[in-house]
K.L.:
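Attaching a single structure in structure tokens format; questions to follow.
Note that this is a predicted model, so its numbers are computed, not measured. We name chains A, B, ... by the order of the sequence lines, and we start the count at 1 in each one.
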Amino acid sequence: MDKFTRPTGTQDLLPAEQPYWEYVTSSAAATARRFGYERIETPIFEATGLFARGVGGATDIVEKEMYSFRDKGDHALTLRPEFTAGVVRAYIENGLHTLPKPVKLFSLGPIFRYERPQAGRFRQFHQFNAEIFGIQDPLADLETMLLAWDLYAGWDFKGLAFQLNSTGCPVCRPTFSAALRDYYQSHLHEICEDCKRRLETNPLRVLDCKQERCQPVIAGAPQSIAHLCEECSTHFTSLRSYLDALGRPYTINPRLVRGLDYYTKTVFEVWAEGIGAQAAVCGGGRYDGLIELLGGRPTPAVGFAAGLERIILVMKAQGLTPPALPVPPVFIAFSGDAARATAVRLVVDLRAAAIGAQIAMGGSLKAQLRQADKAQARFVFIIGEDELARGEVNFKDMATGTQLTVALGTAAAQVSQALAAC
RNA sequence: GUGGGCGUGGCCUAAUGGUUAAGGCUCCUGACUGUGACUCAGGCAACUGUGGGUUCAAGUCCCACCGUCCACCCCA
């Protein structure tokens, strides 16, 4: 029979990887809570139309990356390719606009995009996502960026580059797009084929073309921040002044444009080195039109997503190790059938006393001790038939190798005392 | 979707076109004590990714497919 293998682009997160995942997810949640964000969990699949409209029909995500299917009821569904559309849908559907503003939400979970896998890219991957609803003030943009900062600072990341830009709003972006298109019309013979295509489909994206020949054209291209309307310009200036006052390092990147249609005003990314070509560990921005677009009342919002796989890649590249996960400190070995029942009783009693304990499930005493060693148990109860006849058990400290004989009835107290001492 | 690298036990690695595909790690058993690590002895485990082709003979050469890794596109 053929062996089953995991689908392309998916991964098995084995026990050896779990310290990273536990660490990253728990600290991200803790940091978000420190900022006053609350967790929201939305379905892993949604109506296909939600993403088609929310993310934008001209995006790569919608054009070629969605895992779409029909269920037995003939509903068109799609595994979420990002968090925001689903969170916005939940915000509208559950009337979260009635909550005191700002509404600050975070999510953590798997995301699906049909792409060719490479370093830092998977078809099923995981994101931490945070959104603030209901605040137009750039203070919300600032809070969003500060959360990203604190996340990475908390993990001791070094050498991250914060990239910032503003791509305007429905008022000023058309002006900028037109200016960009005009400029490119006069350089058509100098640019690559992809850029010619981009000019038609999504003109802003010519700006982050990586082709050598396009670089001089990009360098001379008009910049969005020079074409912002007064409102967008003021917004951007305020955000920058907040950042400057706090002394947060960032780079104004006129070439930073994002692949999703819904962004307005602020866009930002965080880049890491040393994890391959997919260097963006975090991306986000403001999306003031999205809630209304999806059927809610006009609501300003801003948020970002951080890729957990890439975060863990950075940890490994920078030699950062997560704390070890706890293991039961006690192991119970026994010899002989009479001791077996006592061993079972003891392991149950220890757990009832909130002491982590495992019991041997067979093998010679030697094999049991070996198992205790592999399981990194600090203390082992060894129940032998001779001692048991006297109502006693052996209590061994695996770190020192010392062993003493104690009364069976005092076993739990014995462990508590020993654990408190180490 | 496009391009390139790579596919040998669970993992890592070896094998001038020529016996029964070798070794290390892991795992299991045993010896040194009814008692872990260190050491020693032994054991389980691969139709060499799949299917064709060349050849007297293919892990090795050729083709296709699949998988994987990296890069492009794009993004976290």
K.L.:
Using a heavy-atom cut-off of 4.0 Å across all strands, would you classify Ala305(A) as base, sugar-phosphate, or nothing?
P.N.:
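It contacts sugar-phosphate atoms only.
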
K.L.:
State whether a side-chain donor-acceptor pair under 3.5 Å links Gln11(A) with Glu17(A).
P.N.:
no

K.L.:
Side chain of Cys282(A): nearest nucleotide among G34(B), A76(B), C73(B)?
P.N.:
A76(B)

K.L.:
When you compare C62(B) with C70(B), how far apart are their P atoms, in angstrom units rounded to a whole number?
P.N.:
25 Å

K.L.:
Is the count of non-hydrogen atoms from other residues, nucleotides or ligands lying under 6.0 Å from Tyr67(A) atom OH greater than 12?
P.N.:
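Yes.
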
K.L.:
Provide the distance between the two C1' atoms, one in C65(B) and one in A22(B), to the nearest whole Å.
P.N.:
30 Å

K.L.:
What nucleotide among A76(B), C69(B), A37(B) has an atom nearest to a side-chain atom of Arg6(A)?
P.N.:
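My answer, after comparing the listed nucleotides, is C69(B).
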
K.L.:
Can you measure Phe125(A) atom CZ to C74(B) atom P for me and round it to whole angstrom units?
P.N.:
16 Å

K.L.:
Describe, in one word, how the ring planes of Phe304(A) and Phe128(A) are oriented to each other, choosing from parallel (under 30°), tilted (30 to 60°) and perpendicular (over 60°).
P.N.:
tilted

K.L.:
Could you check how far CG of Leu207(A) sits from C1' of C74(B), rounded to whole Å?
P.N.:
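To the nearest whole Å, that distance equals 15 Å.
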
K.L.:
What distance, rounded to whole Å, do you find between the two C1' atoms, one in G3(B) and one in U60(B)?
P.N.:
26 Å

K.L.:
If only side-chain N and O atoms of Ser364(A) are considered, is one of them under 4.0 Å from the OP1 or OP2 phosphate oxygen of G30(B)?
P.N.:
yes

K.L.:
Which nucleotide, A37(B), A76(B), C74(B), lies nearest any side-chain atom of Arg370(A)?
P.N.:
A37(B)

K.L.:
Within this structure, what is the CZ-to-C1' distance between Phe381(A) and G34(B), rounded to whole angstrom?
P.N.:
18 Å

K.L.:
So what does Gly276(A) touch, heavy atoms closer than 4.0 Å: a base, only the sugar-phosphate, or nothing?
P.N.:
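Since only primed, P, OP1 and OP2 atoms lie under 4.0 Å of Gly276(A), the category is sugar-phosphate.
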
K.L.:
Convert the base pairs of RNA chain B into dot-bracket notation, remembering that pairs crossing earlier ones are written with [ ] and that bases paired across to another strand are shown as |; include only Watson-Crick or G-U pairs under 3.5 Å.
P.N.:
(((((((..((((....[...)))).(((((.......))))).....(((((..]....))))))))))))....

K.L.:
Give a yes-or-no answer on whether the side chains of Thr31(A) and Asp150(A) include a donor-acceptor pair shorter than 3.5 Å.
P.N.:
no

K.L.:
Mapping Ala277(A) and Gly9(A) to their closest nucleotides on RNA chain B, which lands nearer the 5' end?
P.N.:
Gly9(A)

K.L.:
Which of these, Phe162(A), Phe157(A), Tyr250(A), Phe35(A), sits in a ring pair (Phe, Tyr, Trp, His ring centres under 6.0 Å) with Trp149(A)?
P.N.:
Phe162(A)

K.L.:
Just the rounded figure in Å: distance from C1' of C74(B) to CE of Met66(A).
P.N.:
15 Å

K.L.:
Side chain of Leu365(A): nearest nucleotide among G34(B), A76(B), A37(B)?
P.N.:
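Comparing G34(B), A76(B), A37(B) against the side chain of Leu365(A), the answer is G34(B).
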
K.L.:
Heavy atoms under 4.0 Å, any strand shown: does Glu385(A) hit a base, just sugar-phosphate, or nothing?
P.N.:
base

K.L.:
Evaluate the ring planes of Phe395(A) and Phe381(A), with Trp represented by its six-membered ring, and classify them as parallel (under 30°), tilted (30 to 60°) or perpendicular (over 60°).
P.N.:
tilted

K.L.:
Taking only side-chain nitrogens and oxygens of Lys64(A), does any of them come within less than 4.0 Å of OP1 or OP2 of C74(B)?
P.N.:
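Answer no for this pair, as no side-chain N or O of Lys64(A) is under 4.0 Å from OP1 or OP2.
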
K.L.:
Tell me what Ala367(A) touches on the nucleic acid: a base, only sugar-phosphate, or nothing, going by heavy atoms under 4.0 Å.
P.N.:
sugar-phosphate

K.L.:
Rounded to whole Å, please give me the gap between CG in Leu313(A) and P in C70(B).
P.N.:
9 Å

K.L.:
Would Tyr37(A) and Glu131(A) count as having a side-chain donor-acceptor pair, cut-off 3.5 Å?
P.N.:
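Distance-only check fails for Tyr37(A) and Glu131(A).
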
K.L.:
Any luck finding a side-chain donor-acceptor pair between Ser224(A) and Thr167(A) under 3.5 Å?
P.N.:
no

K.L.:
What I want to find out is whether Asp373(A) reaches Arg370(A) closely enough, with some N-O distance under 4.0 Å, to be called a salt bridge.
P.N.:
no

K.L.:
Does Gly120(A) reach a base, just sugar-phosphate, or nothing at all? Heavy atoms under 4.0 Å.
P.N.:
base

K.L.:
Using the P atom as the point on both nucleotides, what is the distance between G36(B) and A45(B), in whole Å?
P.N.:
27 Å

K.L.:
With a 4.0 Å cut-off on heavy atoms, is Gly384(A) in touch with a base, just the backbone sugar-phosphate, or nothing at all?
P.N.:
base

K.L.:
Closest to the Met398(A) side chain: C70(B), G36(B), C69(B)?
P.N.:
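The answer is G36(B).
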
K.L.:
Between C25(B) and C40(B), how many Å separate the two P atoms, rounded to a whole number?
P.N.:
9 Å

K.L.:
For Phe122(A), report the nucleic acid contact type (base, sugar-phosphate, nothing); a contact means any heavy atom under 4.0 Å.
P.N.:
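Result for Phe122(A) = base.
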
K.L.:
Is the NZ or CZ atom of Arg123(A) both under 6.0 Å from the centre of the six-membered ring of Tyr114(A) and within 45° of that ring's axis?
P.N.:
yes

K.L.:
Figure out the NZ/P separation between Lys366(A) and C32(B), and round it to whole Å.
P.N.:
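It works out to 8 Å between those atoms.
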
K.L.:
In whole angstrom, give me the gap between the C1' atoms of C47(B) and G59(B).
P.N.:
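Going atom to atom, C1' in each nucleotide, I get 12 Å.
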
K.L.:
I'd like to know if Glu115(A) pairs up with Arg121(A) as an ion pair, taking the criterion as any Lys NZ or Arg NE/NH1/NH2 lying under 4.0 Å from an Asp or Glu carboxylate oxygen.
P.N.:
yes

K.L.:
Could you work out the separation of G7(B) and G51(B) based on their C1' atoms and round it to a whole Å?
P.N.:
15 Å

K.L.:
Under 4.0 Å, counting only non-hydrogen atoms across every strand here, what does Glu63(A) touch: a base, just sugar-phosphate, or nothing?
P.N.:
nothing

K.L.:
Less than 4.0 angstrom between a side-chain N/O of Gln278(A) and OP1 or OP2 of C70(B), yes or no?
P.N.:
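So the side-chain polar atoms of Gln278(A) never come under 4.0 Å of the phosphate oxygens OP1 or OP2 of C70(B).
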
K.L.:
What is the distance from CZ of Arg123(A) to C1' of C69(B), rounded to the nearest Å?
P.N.:
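Taking atom C1' of C69(B) as the reference, CZ of Arg123(A) is at 14 Å.
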
K.L.:
How would nucleotides 1-11 of chain B be written as a contact map, 5' to 3', with B for base contact, S for sugar-phosphate-only contact and - for no contact, using protein heavy atoms under 4.0 Å?
P.N.:
BBB--------

K.L.:
Closest approach to the side chain of Thr8(A), judged atom by atom: which nucleotide of G67(B), C74(B), G34(B) is it?
P.N.:
G67(B)

K.L.:
Given the structure, check if the side chain of Gln403(A) and the base of G36(B) hold any donor-acceptor pair shorter than 3.5 Å.
P.N.:
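There is none.
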
K.L.:
For Arg205(A), report the nucleic acid contact type (base, sugar-phosphate, nothing); a contact means any heavy atom under 4.0 Å.
P.N.:
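Here Arg205(A) touches the backbone only, sparing every base.
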
K.L.:
In whole Å, what separates the C1' atom of G9(B) from that of C72(B)?
P.N.:
36 Å

K.L.:
Is the number of heavy atoms from other residues, nucleotides or ligands within 6.0 Å of CZ (Arg345(A)) greater than 12?
P.N.:
no

K.L.:
Output yes when at least one side-chain N/O atom of Lys374(A) is less than 4.0 Å from OP1 or OP2 of C27(B), else no.
P.N.:
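Yes, Lys374(A) has a side-chain N/O under 4.0 Å of OP1/OP2 on C27(B).
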
K.L.:
Whether Gln118(A) contacts C72(B) is assessed here as follows: a side-chain N or O lying under 4.0 Å from the phosphate OP1 or OP2. Is that the case?
P.N.:
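For Gln118(A), the contact criterion (side-chain N or O under 4.0 Å from OP1 or OP2 of C72(B)) is met.
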
K.L.:
With a cut-off of under 6.0 Å to the ring centre and 45° to the axis, is Lys316(A) in cation-pi contact with Tyr20(A)?
P.N.:
yes

K.L.:
Name the residue closer to the 5' end of RNA chain B, choosing between Glu269(A) and Ile383(A) according to the nucleotide with the nearest heavy atom.
P.N.:
Ile383(A)

K.L.:
Between U68(B) atom P and Asp12(A) atom CG, what is the distance in whole Å?
P.N.:
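Taking atom P of U68(B) as the reference, CG of Asp12(A) is at 11 Å.
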
